[in-house]
Amino acid sequence: MFGVYRNQPRSRHQGKCYGGNRFSHFRKGRCPNRKNAKFIMEYLKSELTNTAVHAIENLFGFRPEKLDWQLTRKEFSGDLTLVVFPFTRYSKLSPEETGQAIGEVMEQNNAWVDGYNVVKGFLNLEISPKFWVKSLADMAKSNQLVRPVSNPTGVMVEYSSPNTNKPLHLGHIRNCLLGWSVGNLQKAIGNNVYRVQIINDRGIHICKSMVAWKLFAGGETPENTGLKGDHLVGKYYVVFDQKYREEIRELIDKGVDETEAKDTAPIMVAAREMLRKWEEGDAEVMKLWETMNGWVYQGFDATYDAMGVSFDKNYYESNTYKLGKSLVEKGLQKGVFYREADSSVWIDLSDVGLDKKILLRSDGTSVYMTQDVGTAVQRFEDFDIQRLIYTVGNEQDYHFQVLFEILKKLGYSWAEGLYHLSYGMVDLPTGKMKSREGTVVDADDLIREMKETAAAVSAELGKTEGLATAEKEDINRIIGLGALKYFILKVDPRKRMTFNPEDSIDMQGNTGPFLQYTHARIKSLLRKAETSPGISENISPEKEEIEVVKTLLRFSDVVHQAAEDNSPALVANFIYDLVKTYNGFYQNHSILRNENPEITAWRLSLSEQTARVINFGLDLLGIESPERM
RNA sequence: GGUCCCGUAGCUCAGCUGGAUAGAGCAACUGACUUCUAAUCAGUAGGUCACAGGUUCGAAUCCUGUCGGGAUCACCA
């Protein structure tokens with residue numbers, strides 16, 4: 001049976017880095033209630049909807065099911081726009097006349113509507129400045145920025161899930177940042193979140209590292225070399241591969257054919273023997289295995305810590321790989337599975353457009369799928385959860401399609417709550433990352449380089465002069481990581497993305513540091529202010545200020561949408577929008593140097609709420625907001 | 001070959017249940033720091049939304065097909 005290990009077994013996370021898709025049957029099915037799909041302040045919308053529905057009913061004798069509201073585009077005057085095309089068949093009027101008729105009634109009947117104009121089939125309503133002033137005041141008073149869901153559920157998020165034979169790389173970074181942020185999003189809307197990973201700690205890959213270490217390391221340890229544990233083990237995985245290829249070449253030179261050479265190279269034979277002993281529970285092998293995995297976990301912990309991600313529970317494949325066998329028995333009895341003549345067990349999913357899939361080998365052992373069936377059941381027993389989100393690259397789309405289908409057929413009601421957060425590869429300009437060609441971007445290296453870049457930019461701009469070294473370093477860490485995380489998270493998860501290690505990640509424009517900078521600048525403003533932020537009824541806000549309020553009011557809906565779509569990118573793009581809008585205001589209006597203290601107080605309040613939303617939003621992405629930079 | 005994902009400015013990306021003249025950043029060019037942090041702001045230039053049909057008052061968005069890129073279809077994980 002060992003002959004089947006032709007290559008390193010793949011894990012949840014492979015050497016390649018990964019683009020998601022949204023094919024999931026469940027994606028569309030599970031959220032029929034999409035009334036919040038438009039990021040428009042609910043309150044105003046519902047107020048206006050009532051008025052508009054009445055107006056349409058009285059005018060045209062027909063009651064619309066729902067209205068199409070959108071924020072008025074900048075090039076037109078007005079704040080909110082109602083699309084009236086759908087009503088023309090009832091009004092028997094032109095789109096312009098229809099809009100005029102509705103607009104007139106709305107202006108008369110709704111206190112928030114100050115005026116209106118109609119362009120083609122678009123009714124643009126002008127909302128009273130009082131509304132925006134009131135909204136900001138409400139926001140400043142409220143202690144929550146995101147409306148909680150009415151019935152919270154338990155949500156488990158799985159991410160990272162590495163192999164234990166080499167360090168984490170850029171692909172894991174995307175995976176971890178996505179998983180972490182998706183967990184944050186669920187939490188933000190009020191769900192209970194459990195974060196887990198499944199660690200592929202057994203199998204031929206770790207045996208390769210073990211064999212190579214035993215043969216060539218001369219007793220090297222993380223302690224006596226100063227190497228991070230995961231890098232040390234990864235080093236010997238590379239050594240194994242080099243040695244293995246040497247041996248194959250030698251055998252081929254002696255006239256052995258290639259297939260046989262690959263099969264009989266002594267170091268590979270030794271690795272297989274080690275795996276066999278591991279499966280028997282051989283004491284010496286187990287001890288080495290535990291030691292080397294221990295090194296790896298220490299290394300992983302350091303990287304997770306640097307990334308700012310953590311887990312509530314780790315699952316280990318050495319514990320779970322036999323799970324699921326008893327469930328197969330159950331499935332056989334129910335007739336969900338069937339047994340072939342050679343006694344292997346299968347499921348036929350051709351009724352749902354999928355193939356046949358094996359669940360037990362003819363020798364009775366589990367496969368990846370069996371294990372995942374077992375682990376899923378285990379997790380729903382371990383935790384009070386209704387949903388389980390797997391953050392795994394899109395190369396495993398098919399696997400999860402089959403997995404979810406199997407669990408449904410086994411009759412688990414929670415199977416409807418399974419979701420594969422399928423994300424795209426991270427490519428290099430030259431194509432895929434390949435460990436053999438040494439083009440893998442190491443996570444630790446990348447994080448370190450980002451901090452160095454931040455330090456260099458900081459020094460060049462002279463921004464942190466006069467601060468203590470420790471504080472400078474902390475700021476550089478926050479900015480460097482912010483740049484990296486935002487760079488990755490602003491992209492739609494399911495799309496593949498290109499990363500060029502030659503260009504360092506930018507710190508200007510649509511970047512993490514730009515958002516952080518805006519936050520730091522507001523904080524500085526608030527420190528310097530002699531007036532406290534506050535709201536006066538008499539304020540008549542400027543155009544730029546209203547734009548900021550409008551943007552702030554979208555936040556809750558954006559977070560809900562992002563949680564529903566499992567897309568941190570929506571939050572990232574929103575914060576960028578907010579910051580652009582705020583900076584437009586900041587650059588054009590003086591805040592502290594203002595003769596009217598009421599205006600200063602209002603602008604400080606606007607700024608304070610903006611900083612609050614930036615801070616909260618960045619936190620959802622796992623990005624810290626510096627007080628100064 | 002079957003199935004699935006992707007294709008928007010030179011580059012990296014937005015564009016939400018179909019809505020107005022498809023938007024940002026980078027790179028290029030022009031302007032704004034004795035004034036709250038210029039890691040900023042304002043502006044110029046840059047597009048047959050891969051292509052062809054269809055549905056619709058209206059399509060980058062939905063449907064069909066074609067082309068291009070990728071993934072997957074193991075008694076591997």
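Throughout, a chain's letter reflects where its sequence line sits, starting with A, and its residues are numbered from 1.
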Taking atom [atom1] in both [N] and [M], compute the distance separating them and give it to the nearest angstrom.
{"N": "B/G15", "M": "B/U61", "atom1": "P", "result": "15 Å"}
{"N": "B/U44", "M": "B/G53", "atom1": "P", "result": "34 Å"}
{"N": "B/G18", "M": "B/C13", "atom1": "P", "result": "26 Å"}
{"N": "B/A22", "M": "B/C51", "atom1": "P", "result": "15 Å"}
{"N": "B/U40", "M": "B/U8", "atom1": "C1'", "result": "28 Å"}
{"N": "B/C26", "M": "B/C67", "atom1": "C1'", "result": "30 Å"}
{"N": "B/C73", "M": "B/A77", "atom1": "P", "result": "12 Å"}
{"N": "B/G65", "M": "B/G1", "atom1": "P", "result": "15 Å"}

Does [N] have its OP1 or OP2 closer than 4.0 Å to a side-chain nitrogen or oxygen of [X]?
{"X": "A/Lys120", "N": "B/U21", "result": "yes"}
{"X": "A/Lys528", "N": "B/U37", "result": "yes"}
{"X": "A/Arg494", "N": "B/C6", "result": "yes"}
{"X": "A/Arg361", "N": "B/C76", "result": "yes"}
{"X": "A/Asn583", "N": "B/C41", "result": "yes"}
{"X": "A/Lys495", "N": "B/U12", "result": "no"}
{"X": "A/Arg73", "N": "B/G23", "result": "yes"}

Discussion item. Between A/Arg276 and A/Glu279, is the salt bridge (charged side-chain N to carboxylate O under 4.0 Å, His left out) condition met? List the steps.
Written reply: CA-CA 5 Å; A/Arg276 194 184 60 77; A/Glu279 293 192 345; over 6 Å; no
Worksheet, complete the sentence: On RNA chain B, more 5' by nearest nucleotide between A/Asn124 and A/Ser590 is A/Asn124
Worksheet entry | Comparing A/Lys580 and A/Glu627 on RNA chain B - which has the more 5′ nearest nucleotide | A/Lys580
Counting the atoms with a prime plus P, OP1 and OP2 as sugar-phosphate, which does [X] contact under 4.0 Å by heavy atoms, base, sugar-phosphate, or nothing?
{"X": "A/Arg628", "value": "base"}
{"X": "A/Phe85", "value": "base"}
{"X": "A/Ile479", "value": "base"}
{"X": "A/Val83", "value": "base"}
{"X": "A/His589", "value": "base"}

Tell me which nucleotide among [options] gets nearest to the side chain of [X].
{"X": "A/Pro86", "options": "B/G19, B/A77, B/C73", "answer": "B/G19"}
{"X": "A/Arg593", "options": "B/A20, B/U40, B/C36", "answer": "B/C36"}
{"X": "A/Arg496", "options": "B/U37, B/G70, B/G25", "answer": "B/G70"}
{"X": "A/Gln587", "options": "B/A77, B/U12, B/U40", "answer": "B/U40"}
{"X": "A/Gln371", "options": "B/A77, B/G15, B/C36", "answer": "B/A77"}
{"X": "A/Gln70", "options": "B/C36, B/U40, B/G19", "answer": "B/G19"}
{"X": "A/Asn573", "options": "B/A14, B/G19, B/U37", "answer": "B/A14"}
{"X": "A/Tyr368", "options": "B/A77, B/A20, B/C4", "answer": "B/A77"}

Fill in: salt bridge (charged side-chain N to carboxylate O under 4.0 Å, His left out) between A/Asp241 and A/Lys208, worked out
CA-CA 8 Å; A/Asp241 198 56; A/Lys208 287 179 180 176; 5.9 Å; no
Between [X] ([atom1]) and [N] ([atom2]), how many Å, whole number?
{"X": "A/Gln561", "N": "B/G15", "atom1": "CD", "atom2": "P", "answer": "11 Å"}
{"X": "A/Phe487", "N": "B/A14", "atom1": "CZ", "atom2": "P", "answer": "11 Å"}
{"X": "A/Arg521", "N": "B/U37", "atom1": "CZ", "atom2": "C1'", "answer": "6 Å"}
{"X": "A/Ile522", "N": "B/U40", "atom1": "CD1", "atom2": "C1'", "answer": "13 Å"}
{"X": "A/Lys92", "N": "B/C57", "atom1": "NZ", "atom2": "C1'", "answer": "15 Å"}

Would [X] and [Y] pass as an ion pair if we require N to O under 4.0 Å?
{"X": "A/Lys451", "Y": "A/Asp474", "value": "no"}
{"X": "A/Asp492", "Y": "A/Arg494", "value": "yes"}
{"X": "A/Glu547", "Y": "A/Lys74", "value": "no"}
{"X": "A/Arg603", "Y": "A/Glu545", "value": "yes"}

Discussion item. According to a cutoff of under 5.5 Å between the ring centres and under 30° between the ring planes, does A/Tyr576 stack with the base of B/A24?
Written reply: no
Worksheet item: Does the side-chain ring of A/Phe122 lie flat on the base of B/A20, meaning centres under 5.5 Å and planes less than 30 degrees apart?
Response: yes
Worksheet item: How far apart are the C-alpha atoms of A/Glu624 and A/Arg477, what are their side-chain angles, what is the distance that settles it, and do they pass the salt bridge (charged side-chain N to carboxylate O under 4.0 Å, His left out) test?
Response: CA-CA 10 Å; A/Glu624 294 174 64; A/Arg477 177 188 63 79; 3.0 Å; yes
Discussion item. Could you tell me if A/Arg554 sits above the aromatic ring of A/Phe574, with its cationic atom closer than 6.0 Å to the ring centre and no more than 45 degrees from the axis?
Written reply: no
Discussion item. Only Watson-Crick and G-U wobble pairs with both distances less than 3.5 Å should count. Give RNA chain B in dot-bracket notation, marking inter-strand partners with |.
Written reply: (((((((..((((.....[...)))).(((((.......))))).....(((((..]....))))))))))))....
Discussion item. I need the single residue from A/Tyr390, A/Phe400, A/Tyr398 that forms a ring-ring contact (aromatic ring centres under 6.0 Å, His included) with A/His420. Which is it?
Written reply: A/Phe400
Fill in: Test item: A/Lys490 and A/Tyr576 side chains (from C-beta on) under 4.5 Å apart, heavy atoms
no
